[in-house]
**Q** 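Can you keep this structure in mind? I'll have questions shortly.
None of the values given here were measured: they were computed from a predicted structure. By convention in this document, chain letters (A, B, ...) are assigned in the order of the sequence lines, proteins followed by strands, and residues within each chain are numbered from 1.
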Amino acid sequence: MYVLPCAHAQIQRYIFISDKHPLSTTQSKHSRNVRINTKLAGESLDRRVFDEIPVSDKHTFAWNNLIQTHLANEDFDLVISTYRNMLLRGTARPDRRTLPRILTASWRSGDIFTGKQLHGHALKLGFSSDHYVVTALIEMYGRLDSVDIAKWVFEKSPHRNPVSWTLLARLYIKQNKPGLAIDMFKQMVDSGDEIDSVALATAVGACSMLKSLQQGRKLHRIAMKYGLEFDALVSNTLLKMYIDCGSIKDARAIFDRMPSKDVITWTALINGYVKKGGFNECLKLFRQMNMDGLVKPDSLTFSSVLPACARMAAHKHGKEIHGYLLRSGVKLNLTVQNAVMDMYVKSGFIEYASRIFTRMKDKDVVSWTVMIMGYSLHGQGEQGVHLFCTMERKSSIHIDQLTYAAVLHACSTARMVEQGKFYFHCIKAPKVANYSLMVGLLARAGLFEEAKIFIEEQKVERHAEVLKALLDGCRNHQQLVLGKRVIEQLCDLEPLNADNYVLLSNWYANSERWAMVHKLRQTVTDMGLNPKKAYSWIEFRNKVHVFGTGDVSHPRSERIYGELQCLVKKIQDEGYRPNPDFSLHDVEEERECIQIGHSEMLAISFGLITTQPSATIRVTKNLRVCRNCHDSAKLISKTVGREIILKDLNCFHHFKDGFCSCGGSW
DNA sequence: CTAGGGTTAG
C-alpha cells in the first residue's frame with residue numbers, strides 16, 4: 001500500500017475531522033499510521049503545503065496525462081505512486097481532473113485508506129463542490145462498502161447532478177433494494193434536476209429486478225416525455241425490462257418501433273424469445289438480423305441463439321449456426337464454446353460435443369457439467385461418472401448444484417446406486433431437483449422400499465417432481481399398485497394438471513373400468529383443462545416435418561403408413577408382439593390409437609423413405625416414447641440396418657442392431 | 001485530459 005504524503009497537519013484534520021464526522025468511526029486505528037508514515041515520506045514535505053505549490057496548468061496537464069495512461073493500463077499502484085511523486089516534486093498542483101482518476105485507482109485496487117486521504121486532499125484543495133470530484137468520491141465510498149459515507153457525501157454536496165443521483169440509485173440496486181432506487185429516481189425528477197439517459201436506464205433496470213410491469217410502464221411514459229425513449233441505452237433497458245416482467249408483447253412493440261437497433265437490442269429480444277420457449281421466433285429473428293446486415297452478431301448473440309437450437313434439437317440449424325460462428329470471426333470465449341457443446345449434446349451429436357470438449361484448453365464448471373450430463377442423456381452413464389471423477393482429480397473447479405445433478409443423473413443412468421448416494425451426501429444444501437434425482441436413481445434400480453423411506457425421511461412427498469421420479473420407476477418396473485397410489489397423490493398435489501388425470505384414466509382403462517374412465521374424462525373437460533398432445537418431428541431439407549398421433553395430413557402420408565405396415569409385418573414375422581399394458585402410459589390419445597399411428601413411428605417412417613440408405617434417422621418427440629414404439633424401433637433398426645436416434649422427454653434413444661442405448665429404462 | 005449505463009452458456 002502506498003501512503004500519500006500529507007504535508008500539512010491541517011490536511012489530517014480534514015480527513016479525521018471530528019467525532020461527528022462519519023469518517024471518524026473507523027479512523028482511530030489508522031491515524032497513528034498516517035503520522036508515522038508521513039514522517040517517512042520525507043523531511044522536505046513537512047514544510048510544504050498545497051498552497052505553496054505553484055499553479056501551473058501546463059505541468060498539471062502533463063501529470064494528468066501520465067496518470068491517465070497508467071489508469072488505462074489498469075496499473076493502479078502506478079497511478080497512486082505517480083500522484084505521490086507529483087506531490088513530492090511540488091511543481092504542479094493536483095486539479096479537479098487529477099483527483100477523480102486517483103480516486104478511481106483507489107477503489108479499483110480496493111484501497112479505502114488512500115481513498116480517505118484523497119478525500120482530505122479534495123477538501124483542502126477546494127474541490128468539495130466540483131461535480132467530478134464529488135461523484136468520484138461517492139463512487140469510491142460506494143464501491144468500498146462505505147455506503148453510509150457515500151450517502152453522506154451526496155447529501156452534503158451543494159449541487160446534485162444526474163451522475164450522483166444515479167450512483168446512489170446503483171448503491172441501492174447493489175443492496176438488492178430496487179424499490180429505493182426507483183424512489184431515488186422519482187426524487188430526482190421531482191427535484192427538477194435534469195435527468196439523463198443513464199439515470200433513466202438505471203431506474204428501468206430496477207424495475208426489471210422488481211418485475212413490476214406497472215412501474216416499468218410509468219418509467220416508459222417518463223422516457224417518452226423527456227424524449228429519451230429511443231436513446232439506445234434507454235430503449236434497450238426498456239426492452240429488457242418488458243422481457244423480465246414477462247411481457248414479450250411490449251418488448252416486441254418497442255423493438256418494432258426502434259429507429260435504430262444495435263447488437264444488444266437484437267440479442268436481448270432473441271434471448272427473450274428463448275426464455276419464453278419461442279424457439280422458432282428466435283431463429284427467425286436471428287436470420288432477419290443477418291439478412292438486414294446492419295448489425296453483426298457477437299458472442300452473446302450466438303450464446304443466446306444456440307440454446308434455441310439445443311432445445312428444439314434442430315441439429316441442422318445448430319450446425320449451420322456453428323459454421324457461421326466459425327466464419328464470423330467472433331471470439332470463441334468459454335460461454336460460446338459451452339453453448340455450442342450443449343447444442344450438439346441436445347441435438348444428438350454427443351461425439352461432436354465430446355471432440356470440442358477434449359480440444360478446449362480452458363474448461364469451467366459449465367463445460368464439465370454439459371459433458372457429464374451429455375453422456376448420461378445418451379445412455380453412457382459410466383462415462384459421465386468417470387468424467388466427474390476426472391474433474392475432481394484434475395481441476396480445482398468449484399462443483400455446484402447443477403454439476404451434482406448431472407453426476408446423479410449419470411449414476412441413475414448407469415444404475416450406480418452406491419456412488420449416487422455418496423454424491424448426494426456431498427451436496428451441501430440439496431434442492432428439490434437433487435432429491436428427485438435421488439428418488440429416480442433408487443426407483444430405477446427397483447429399490448422402491450428404500451425410495452419410499454428416503455422420501456419420508458427427507459420430507460419431500462409434497463413435491464410433484466419427486467413423485468414423478470418415483471412414477472417413472474413404477475413404469476419401468478411395472479409396479480401397478482404403487483404406481484396408482486403415486487398418481488393419486490399427484491392428482492391431489494396438482495389438481496389443475498390434466499396430465500395426472502390422463503394417467504389415472506389410463507390406469508382404469510387398463511383394468512377395463514370404463515365408468516371411471518368416462519368420469520375422469522368428464523372432469524377434465526368440465527375443468528377446462530387441456531391434456532398434452534403428443535407429436536414428433538424430423539428435419540428434412542431444411543424444413544421441420546411435424547407429426548401428431550394418427551396424423552394423415554402429411555402429403556406423403558400414404559407412403560409413410562405403407563412403409564410402416566410393411567416394417568411392422570416384418571418384425572412380427574420375427575416374433576415381435578405388442579404389449580397390451582398401457583396402465584401407466586401418460587398420453588391418452590396414444591393409448592387409444594393403434595400403435596402404427598404413433599407420431600414417433602410416422603416420423604421414423606418418413607425418415608426412412610426420404611433419406612439415403614444407411615443414413616442415421618434423427619427424430620424428436622415432445623413426450624415420452626411409448627413402450628411398444630420403443631421395442632419396435634429396436635427391431636426396425638436391425639431390420640433396415642440403420643441407426644435411429646430418437647430424442648424424447650428424458651433422454652436420447654440410440655436404436656442400433658436391435659438394441660437401445662437407454663437399456664430399457666427411460 | 002476527467003464521472004454513472006444495456007445483451008450471454010449448464
**Q** Without decimals, in angstroms, what is the distance between A:Asp193 CG and B:dG4 P?
**A**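 So the two atoms are 19 Å apart, to the nearest Å.
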
**Q** Would you please name every residue forming a side-chain contact (heavy atoms from CB on, under 4.5 Å) with A:Ile264, sequence neighbours left out?
**A** A:Asn236, A:Asp262

**Q** With sugar-phosphate meaning primed atoms plus P, OP1 and OP2, does A:Val134 contact a base, only sugar-phosphate, or nothing at under 4.0 Å between heavy atoms?
**A**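 Touches nothing.
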
**Q** List in chain and number order the residues that pass side-chain contact (heavy atoms from CB on, under 4.5 Å) with A:Asn280, two or more places apart in sequence or in another chain; answer none if no residue qualifies.
**A**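 Counting only residues at least two positions away or on another chain, A:Asn280 forms a side-chain contact (heavy atoms from CB on, under 4.5 Å) with A:Met312.
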
**Q** Only pairs under 3.5 Å count here: list side-chain donor-acceptor contacts from residues 128-136 of chain A, not counting sequence neighbours, and write none if there are none.
**A**
residue, atom, partner, partner atom, Å
A:Asp130, OD1, A:Arg96, NE, 2.6
A:Asp130, OD1, A:Arg96, NH2, 3.4
A:Asp130, OD2, A:Tyr132, N, 3.0
A:Asp130, OD2, A:Val133, N, 3.0
A:Thr135, OG1, A:His131, O, 2.8
A:Thr135, OG1, A:Tyr132, O, 3.0

**Q** So if I take every side-chain heavy atom of A:Phe61 and compare against B:dC1, B:dT7, B:dG5, which nucleotide ends up nearest?
**A** B:dC1

**Q** Near DNA chain B, under 4.0 Å by heavy atom, which residues of residues 397-405 of chain A?
**A**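 Listed by number, they are A:Asp400, A:Leu402, A:Thr403.
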
**Q** Choosing from B:dA9, B:dG4, B:dA3, which nucleotide comes nearest the side chain of A:Asn338?
**A** B:dA9

**Q** Considering only side-chain heavy atoms of A:Val163, which listed nucleotide, B:dT8, B:dA3, B:dC1, is closest?
**A** B:dA3

**Q** Where the side chain of A:Asp364 is concerned, which of B:dG4, B:dT7, B:dA9 is the nearest nucleotide?
**A**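 The nucleotide sitting nearest to the side chain is B:dA9.
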
**Q** Using heavy atoms and a sub-4.0 Å distance, could you list which residues of residues 210-231 of chain A are near DNA chain B? By number, please.
**A**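 The answer is none.
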
**Q** Provide the full list of ring-ring contact (aromatic ring centres under 6.0 Å, His included) pairs with a residue in residues 164-201 of chain A, sequence neighbours left out, each pair given once.
**A** A:Phe154-A:Trp165

**Q** If we only count heavy atoms from C-beta on, is the A:Leu441 to A:Leu437 side-chain gap below 4.5 Å?
**A** no

**Q** Taking only the side-chain heavy atoms of A:Pro307 (C-beta and beyond), determine which of B:dA3, B:dC1, B:dG10 contains the nearest atom.
**A**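 Selected nucleotide: B:dG10.
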
**Q** Nearest of B:dA3, B:dG4, B:dG10 to any side-chain atom of A:Val198?
**A** B:dG4

**Q** Go through the structure and list residues passing side-chain contact (heavy atoms from CB on, under 4.5 Å) with A:Met360, not counting sequence neighbours.
**A**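 If we apply the side-chain contact (heavy atoms from CB on, under 4.5 Å) test to A:Met360, skipping adjacent residues, the hits are A:Leu334, A:Gln337, A:Asn338, A:Met341, A:Ile356, A:Lys363, A:Ser367.
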
**Q** Which part of the nucleic acid, if any, lies within reach of A:Thr202 when heavy atoms closer than 4.0 Å are counted: base, sugar-phosphate only, or nothing?
**A**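 The residue A:Thr202 makes no contact with any strand.
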
**Q** Considering residues at least two apart in sequence or located in another chain, which fulfil the salt bridge (charged side-chain N to carboxylate O under 4.0 Å, His left out) criterion with A:Arg217?
**A**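 Here the qualifying residues are A:Asp250.
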
**Q** With A:Lys156, which residues qualify under side-chain contact (heavy atoms from CB on, under 4.5 Å), at least two apart?
**A** A:Trp152

**Q** Measuring from the side chain of A:Arg96 (C-beta onward, heavy atoms only), which nucleotide among B:dT2, B:dG10, B:dC1 has the closest atom?
**A** B:dT2

**Q** So does A:Lys211 have more than 12 non-hydrogen atoms from other groups sitting under 6.0 Å from NZ?
**A** yes

**Q** Which of residues 340-354 of chain A sit near DNA chain B, with a heavy atom under 4.0 Å from it?
**A** A:Asp342, A:Lys346

**Q** Which nucleotide wins on minimum distance to the side chain of A:Leu167, given the candidates B:dG4, B:dT8, B:dG10?
**A** B:dG4

**Q** Please work out which residues in residues 169-182 of chain A have a non-hydrogen atom less than 4.0 Å from an atom of DNA chain B and list them by number.
**A** A:Arg170

**Q** Using a 4.0 Å cut-off on heavy atoms, which residues in residues 241-274 of chain A reach DNA chain B? List them by number, or say none.
**A**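 The answer is A:Asp262, A:Ile264, A:Thr267, A:Asn271.
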
**Q** Quick one: sort the A:His315 and A:Phe349 rings into parallel, tilted or perpendicular, breaks at 30° and 60°.
**A** tilted

**Q** Check for me whether the distance between the ring centres of A:Phe357 and A:Trp368 falls short of 6.0 Å.
**A**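 Between A:Phe357 and A:Trp368, the centre distance is under 6.0 Å.
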
**Q** Does one side chain, of A:Tyr344 or A:Ser354, offer a donor that lies under 3.5 Å from an acceptor on the other?
**A** no

